[in-house]
Amino acid sequence: SPRIFSGIQPTGIIHLGNYLGAISQWKKRQDENENVILEIADLHSITLPQNPETLRQSILQMLATLLACGISPEKVLLFQQSMVSTHAELSWILGCVCTMPRLAHLPTFKEKSASLKDVPLGLYIYPILQAADILSYKATHVPVGEDQSQHIQLTQELAKMFNKRYGYCFPIPHAIVTDNVYARLKSLRDPAKKMSKSDPDPKSRISLLDKPEEVIIKIKKAVTDFTSEISYDPEHRPGVSNLLSIHSFMSSKSIDVICKEVQGLNTVSYKKLLADVIVAHLQPIQKEYYAFLSDEEYLHNILKHGAEEALAISTKTLDEVKEKLGLKYSA
Ligand code: TYM
């Protein structure tokens with residue numbers, strides 16, 4: 001039966017790209033009672049320097065965010081990556097299977113190392129740790145946004161190479177990327193780019209915790225085009241189409257229905273209407289978020305239980321791997 005695994009870095013406030021592209025997909029599978037495992041990928045966050053106190057807070061904030069978005073620790077195995085030591089160990093082993101040139105061309109590395117004088121090794125081997133995350137649970141499906149698909153492809157290759165060299169151990173995991181625009185939500189300032197946590201301009205994204213006035217300003221300033229009417233055409237009108245996608249998600253209406261409803265509105269009045277829809281959608285999530293965040297004991301408890309369960313599953317895999325490699329006598 002399918003085993004679903006995914007993860008998110010705790011650093012940076014979640015934006016609508018993460019929410020539509022990833023978290024809501026996870027929630028959907030959770031609600032369909034699938035076997036879902038979710039990780040707060042804090043070891044991935046330290047591939048770039050982090051302030052320890054801020055990182056500590058970010059982890060709990062991410063947990064509170066996931067809960068506020070409807071992820072339930074009763075239905076999903078939810079844990080913090082660094083609390084489960086097996087991932088780093090499997091990552092070493094996979095690093096011995098992977099070649100160096102295979103990592104050099106991955107877009108995340110190229111993008112993030114471009115601006116650095118001294119590139120940390122961790123940034124380079126980051127995708128191997130991600131493969132170890134996925135393979136530790138013998139996951140079959142990995143719901144992610146489009147920017148992660150090359151990492152999943154690497155994971156597939158490593159799984160195949162390992163299986164071939166040492167005997168079958170890992171099912172080949174498949175990326176699940178939604179076939180709509182949610183998989184790659186665009187920057188509000190430049191619809192040619194994806195919405196991203198690392199964009200220096202906060203107006204490029206709407207964060208889950210943005211206040212109503214921030215949402216209104218950001219949508220008002222969102223770059224569209226010179227056509228005043230509202231129509232959906234991702235290729236020729238990426239800006240407006242991006243807004244319509246957000247609208248469709250937030251209102252649970254189809255894009256066709258929305259286009260008919262807003263016929264006759266110009267971009268300025270359409271943006272006002274959309275900002276209201278977003279604010280209404282985010283308000284209950286924000287309320288929940290602050291409630292969860294104030295209960296640190298509850299949050300720590302979730303992480304403690306999650307880590308125990310994750311460690312049990314991943315240790316079984318690691319033992320099997322070690323046995324196949326000749327590092328251990330019997331699984
Ligand atoms: P991260 O934290 O950068 O992003 C979390 C998820 O959000 C998706 N996403 C988007 N989706 C649509 N439109 C966008 N503009 C957008 N921006 C981000 C990402 O694709 C991702 O699904 N390396 C991973 C975390 C990770 C992981 C894993 C994921 C660690 N181990 C194992 C899957 C499996 C990352 O940095 O995601």
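Keep in mind that this is a model prediction, so the values were computed, not measured. Values below: all heavy atoms of this structure, side chains included; hydrogens, waters and symmetry mates excluded. As the structure lists them, so they are numbered: ligands from 1, and atoms in each ligand from 1.
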Give a yes or no on whether a salt bridge exists between R56 and E53, defined as a side-chain N under 4.0 angstrom from a carboxylate O.
yes
If I apply the N/O under 3.5 Å rule, does Y126 come out as touching ligand 1?
yes
Could you list the atoms of ligand 1 found under 4.0 angstrom from a heavy atom of R184?
12 (C), 13 (N)
among protein heavy atoms, the one nearest atom 6 (C) of ligand 1 is A22 CB, 3.6 Å
Could you see which bit of Y182 sits under 4.0 Å from ligand 1, with heavy atoms only: side chain, backbone, both or neither?
backbone
With distance as the sole criterion, is a donor-acceptor pair present between the side chains of S204 and S187 under 3.5 Å?
no
With heavy atoms only and a cut-off of under 4.0 Å, state how L129 meets ligand 1: side chain, backbone, both or neither.
neither
Heteroatom proximity flag, M195 to ligand 1, N/O under 3.5 Å
yes
Quick one: salt bridge (charged side-chain N to carboxylate O under 4.0 Å, His left out) partners of D42, sequence neighbours excluded?
none
Out of V177, L185, N242, indicate the one that has the non-hydrogen atom closest to atom 13 (N) of ligand 1.
L185
Could D256 and K260 be called an ion pair, given the rule that one side-chain N must be under 4.0 Å from one carboxylate O?
no
So which heavy atom on I313 is nearest to which on R3, and how close?
CG2-NH1, 3.7 Å
Salt bridge E320-K328, side-chain N to carboxylate O under 4.0 Å:
no
Residues R184 and D147 bridged, charged N to O under 4.0 Å:
no
Should you measure from each heavy atom of E39, which atoms of ligand 1 turn up under 4.0 Å away?
30 (C), 31 (N)
Can you say whether the rings of F249 and Y182 are parallel (under 30°), tilted (30 to 60°) or perpendicular (over 60°)?
perpendicular
Quick one: look up the protein heavy atom nearest atom 25 (C) of ligand 1 and list residue, atom name and how far away it is.
G7 O, 3.6 Å
Short N/O distance, under 3.5 Å, between Q130 and ligand 1?
yes
Using heavy-atom distances, let me know which of S187, S149, A183, G145 sits nearest atom 22 (O) of ligand 1.
G145
Do K221 and R189 have side chains that approach each other closer than 4.5 Å (heavy atoms only, starting at C-beta)?
yes
Within 4.0 Å of some non-hydrogen atom of H44, the atoms of ligand 1 are 30 (C), 31 (N)
From G17, P143, G21 - option closest to atom 10 (C) of ligand 1 by heavy atom:
G17
Check ligand 1 against V142 and write out every atom of the ligand that is under 4.0 Å from a heavy-atom position of the residue.
33 (C), 34 (C)
Protein residue, atom and distance nearest to atom 19 (C) of ligand 1, heavy-atom basis
D147 OD1, 3.3 Å
Does an N or O from I152, backbone or side chain, lie closer than 3.5 Å to an N or O of ligand 1?
no
Which atom pairs, one a donor and one an acceptor, fall under 3.5 Å between side chains of residues 103-113 and the rest of the protein, sequence neighbours left out?
unit_1, atom_1, unit_2, atom_2, d
T108, OG1, H151, NE2, 3.0
S113, OG, F109, O, 2.6

Once you restrict to heavy atoms under 4.0 Å, what part of I134 touches ligand 1? Side chain, backbone, both or neither.
side chain
Side chain, backbone, both or neither: the part of K186 lying under 4.0 Å from ligand 1 by heavy atom
neither
Residues, nucleotides or ligands: over 12 heavy atoms within 6.0 Å of L273 CG:
yes
Could you check atom 37 (O) of ligand 1 against the protein and tell me its nearest heavy-atom contact, residue, atom and distance included?
Q148 NE2, 3.7 Å
Counting C-beta onward and ignoring hydrogens, is there a side-chain heavy-atom pair between E235 and D233 closer than 4.5 Å?
yes
Residue, atom name and distance, where the atom is the protein heavy atom closest to atom 1 (P) of ligand 1
Q9 N, 4.2 Å
K197 touching ligand 1 at heavy-atom level, < 4.0 angstrom:
yes
For atom 31 (N) of ligand 1, what's the nearest protein heavy atom and its distance?
D133 OD2, 2.8 Å
Run the contact test for H15 against ligand 1 with a 4.0 Å cut-off on heavy atoms, strictly below, and give the result.
yes
Among all protein heavy atoms, pick out the one at the shortest distance from atom 7 (O) of ligand 1; state its residue, atom name and that distance to 0.1 Å.
N18 ND2, 3.1 Å
Would you give the length of the straight line joining atom CD of Q61 to atom OG of S58, rounded to the nearest 0.5 angstrom?
5.5 Å
Got more than 12 heavy atoms from elsewhere within 6.0 Å of NZ, K316?
no
Nearest-neighbour protein heavy atom for atom 5 (C) of ligand 1, which is reported as residue plus atom name and distance
I8 CG1, 3.6 Å
